[in-house]
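These notes concern the structure reproduced below.
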Amino acid sequence: MEVRTRFAPSPTGYLHVGGARTALYSWLYAHHHHGKFVLRIEDTDRERSTQPAIDAIIESMKWTGLTWDEGPFYQTKRFDRYNQVIDELLEKGLAYKCYCNKERLDKVREEQLANNEKPRYDGHCREDHSEHTPDEPYCIRFKNPREGKVKFHDLIRGDIEFDNAELDDLVIRRTDGTPTYNFCVVIDDWDMKITHVIRGEDHINNTPRQINIYKALGAPVPEFAHVSMILGDDGAKLSKRHGAVSVMQYRDDGFMPEALINYLVRLGWGHGDQEIFSLEEMINLFALENVSKSASAFSSDKLKWMNQHYIKTLPPERVAEELVWQMEHLGINYSQGPSLTEIVKAQAERCKTLKEMAENSVYFYQDYTEYEPKAAKKWFKENSAEALERSLAKLEAVSDWKAENIEEAFKTVATDMNVGLGKVGMPLRLAVTGRGVSPEMGITMELVGREKTFERIRRTIAYLRSGATQN
RNA sequence: GUCCCCAUCGUCUAGUGGCCUAGGACAUCGCCCUUUCACGGCGGUAACAUGAGUUCGAACCUCAUUGGGGACGCCA
């Protein structure tokens, strides 16, 4: 039988990393078994579902590469189907009309709480409707079995069982006629032939109710796997307070989707000592039995490490593609100057994010307006102007403007002046980039360009000769 | 409160009864490399929640305790 999994977010907000991980696991499981991955939008809550949220979820799925084989399906387009099944259940006596109003429900709940009982519907309307007239407003409740147990084998957690006595008769159709979540998922997973339901652990408690509905319908019960939660760095539930939670925020913060996916797959799953997985490896090696049962804390530090790993090892052309967004966001016109691929090669080992890379590469495209104060104070000394003058002379003699030749040329200056390389290299760095940090000076000057380099050095010599520094 | 789930270094994890004086990775600390910042290399600190069992032997099995988390909606 073909393995079919699904990701079924409710469009009430952006896609967060927890959802993304669940989607990833579903996606991997389907691909591992050469099955299908379905995207379904659970928008039965018309109050809170929004189109921007749907767009954001789809954009996130596409950015991370979690593409779906079928869908997106929308539950709001399937209301006829749900209602038809509900009517059938009603006819068969497997569901019933409930006329209880909010006041009565609240009162029951209060009493149960006072008696230290789990609050649930007491089944008041389950049998007797004599006191009601057909024109009174009502909702439909599913007749949950009152005795026995519901057992299922969770593919991650093992056997789980609930007493039916713990469950109540849940509402499957609201008074306004719309069907509810716990009912719609069952019908959808059934209709869409979902074989493996992989979702968050907050759904464990819904599972026995849903299994009872499957059984009432005579539908095959799928396999279930409940993935644990993702916590923040501090062990508390992940929230905006911890920084980024939305997938697109990671794009904005300068992360490669490859890194996010790799980080997410490792958060809660492992394969021996391996940390880095290509997509192919993930598909081949992923198994639900190796998914961790306990909640895991999201470590931005490790994500950053992994991001840099991908920045360093992915083809620079690929990294440059993502860098485009950052450059445009900063308003840098990168069409004049070195190619972004060259920037990636030069900067990769000193950037954890593409955002950093863009911010630290501005001087390749624009003239700086001031020297970084701390670096200038530290490195502009009395002989700096001389070092720059001598360097300029050597550099002007370089005919083939390549990093290697440039490097060779200015290094002789240190020897000539009988000083350490730092005394020459750092003033040069300040002169060419305005900053105390940059790639090696050879490649930096090559990328800035011959004429620009000379211009900036001359300007700096003038600045130093004017007595601007008191060192 | 009731039900359900969970429990190895600060963090993510390896470990499925002897290979464990518990391995790897991130973070952290120290050293080396070095024109800056980094990268890299080498080394260090650091964990089986507690208590009973089962067993010749337990991080691994069982139970209890404690501690976390989730659910208890005419939300999903």
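Below, chain A is the first sequence line, B the second, and so on; all start at residue 1.
- Figure legend: cation-pi geometry between A:Arg141 and A:Tyr121, with NZ or CZ positioned under 6.0 Å from the six-membered ring centre and within 45° of its axis.
- Pairing partner, B:rU2: B:rA71, with both Watson-Crick or wobble hydrogen-bond distances short of 3.5 Å.
- Nucleotide B:rC61 has B:rG53 as its partner under the Watson-Crick or G-U criteria, with both atom distances under 3.5 Å.
- Going from atom CD1 of A:Ile156 over to atom P of B:rU13 covers 12 Å, rounded to whole Å.
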Using a cutoff of under 3.5 Å, can you pull out all pairs of nitrogen or oxygen atoms linking the protein to nucleotides 19-27 of chain B, with atom names and distances?
residue	atom	partner	partner atom	Å
B:rG23	N2	A:Asp273	OD1	3.0
B:rG24	N2	A:Arg266	NH2	3.4
B:rG24	N2	A:Glu275	OE2	3.0
B:rA25	O4'	A:Glu275	OE2	3.3
B:rC26	OP1	A:Trp305	NE1	3.3
B:rC26	O2'	A:Lys302	N	3.2

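- The shortest distance between the side-chain N/O atoms of A:Lys312 and the OP1/OP2 oxygens of B:rG40 is below 4.0 Å.
- Atom CZ in A:Arg209 sits about 9 Å away from atom C1' in B:rA71, given to the nearest Å.
- With ring centers used as reference points, A:Phe454 lies under 6.0 Å from A:Trp401.
- The base of B:rA71 lies outside donor-acceptor range of the side chain of A:Asn206, with no N or O pair under 3.5 Å.
- A distance below 6.0 Å separates the ring centres of A:Phe286 and A:Tyr25.
- Remark: B:rC20 base-pairs with no nucleotide in the shown strands. Criterion, Watson-Crick or G-U wobble with two distances under 3.5 Å.
- Remark: A:Arg109 is not in phosphate contact with B:rC74, judged by side-chain N or O atoms under 4.0 Å from OP1 or OP2.
- When only modelled atom types and interatomic distance are considered, A:His196 and A:Ser26 share no side-chain donor-acceptor pair under 3.5 Å.
- Between A:Asn115 and A:Ser292, the residue anchored nearer the 5' end of RNA chain B, judged by the nucleotide with its closest heavy atom, is A:Asn115.
- A centroid separation of less than 6.0 Å is found between the aromatic rings of A:His203 and A:Tyr181.
- Base pairing of B:rC39: no nucleotide in any strand meets the Watson-Crick or G-U wobble criterion (both distances under 3.5 Å).
- When the side-chain nitrogen and oxygen atoms of A:Arg120 are compared with OP1 and OP2 of B:rA71, none of them lie within a distance under 4.0 Å.
- Comparing B:rC6, B:rC4, B:rG69 against the side chain of A:Met229 picks out B:rG69 as the nearest.
- Residue A:Thr180 places none of its side-chain N or O atoms closer than 4.0 Å to OP1 or OP2 of B:rG73.
- Checking B:rC74, B:rG1, B:rA76 against every side-chain atom of A:Pro119, the shortest atom distance belongs to B:rG1.
- Taking only side-chain nitrogens and oxygens, A:Ser296 comes nearer than 4.0 Å to OP1 or OP2 of B:rU13.
- Side-chain proximity of A:Arg174 to the nucleotides B:rU36, B:rC74, B:rU2 is greatest for B:rC74.
- Judged by distance alone with a 3.5 Å cut-off, no donor-acceptor contact links the side chain of A:Arg350 to the base of B:rC39.
- For the atom pair OH of A:Tyr214 and CH2 of A:Trp190, the computed distance is 10.0 Å after rounding to the nearest 0.5 Å.
- Here the side chains of A:His226 and A:Arg157 are in contact, with some heavy-atom distance below 4.5 Å.
- The separation between A:Asp154 atom CG and B:rG70 atom P is 18 Å, rounded to whole Å.
- A:Tyr365 places a side-chain N or O within donor-acceptor distance of the main-chain N or O of A:Pro338, the cut-off being under 3.5 Å.
- What separates CH2 of A:Trp379 from C1' of B:rC37 is a distance of 11 Å, to the nearest Å.
- Both tests do not hold together for A:Lys394 against A:Phe410: distance to the six-membered ring centre under 6.0 Å, angle to the ring axis within 45°.
- Rounded to whole Å, atom C1' of B:rG73 lies 14 Å from atom NZ of A:Lys118.
- Side-chain proximity of A:Ile160 to the nucleotides B:rC5, B:rU8, B:rC75 is greatest for B:rC5.
- The listed nucleotides are B:rC75, B:rU36, B:rC4; the one nearest the side chain of A:Asn205 is B:rC4.
- Across the strands present, B:rU34 finds no partner; the criterion is a Watson-Crick or G-U wobble pair with both atom distances under 3.5 angstrom.
- If you check B:rA14 for Watson-Crick or wobble pairing at under 3.5 angstrom, you find it has no partner at all.
- Distances from the side chain of A:Glu166 to the nucleotides B:rC6, B:rC12, B:rU2 place B:rU2 closest.
- Residues A:Gln308 and A:Met441 each lie close to RNA chain B; by heavy-atom proximity, the contact nearer the 5' end of the strand is made by A:Met441.
- Taking only side-chain atoms of A:Asp202, from C-beta outward, the nucleotide of B:rG70, B:rC75, B:rC5 with the closest atom is B:rG70.
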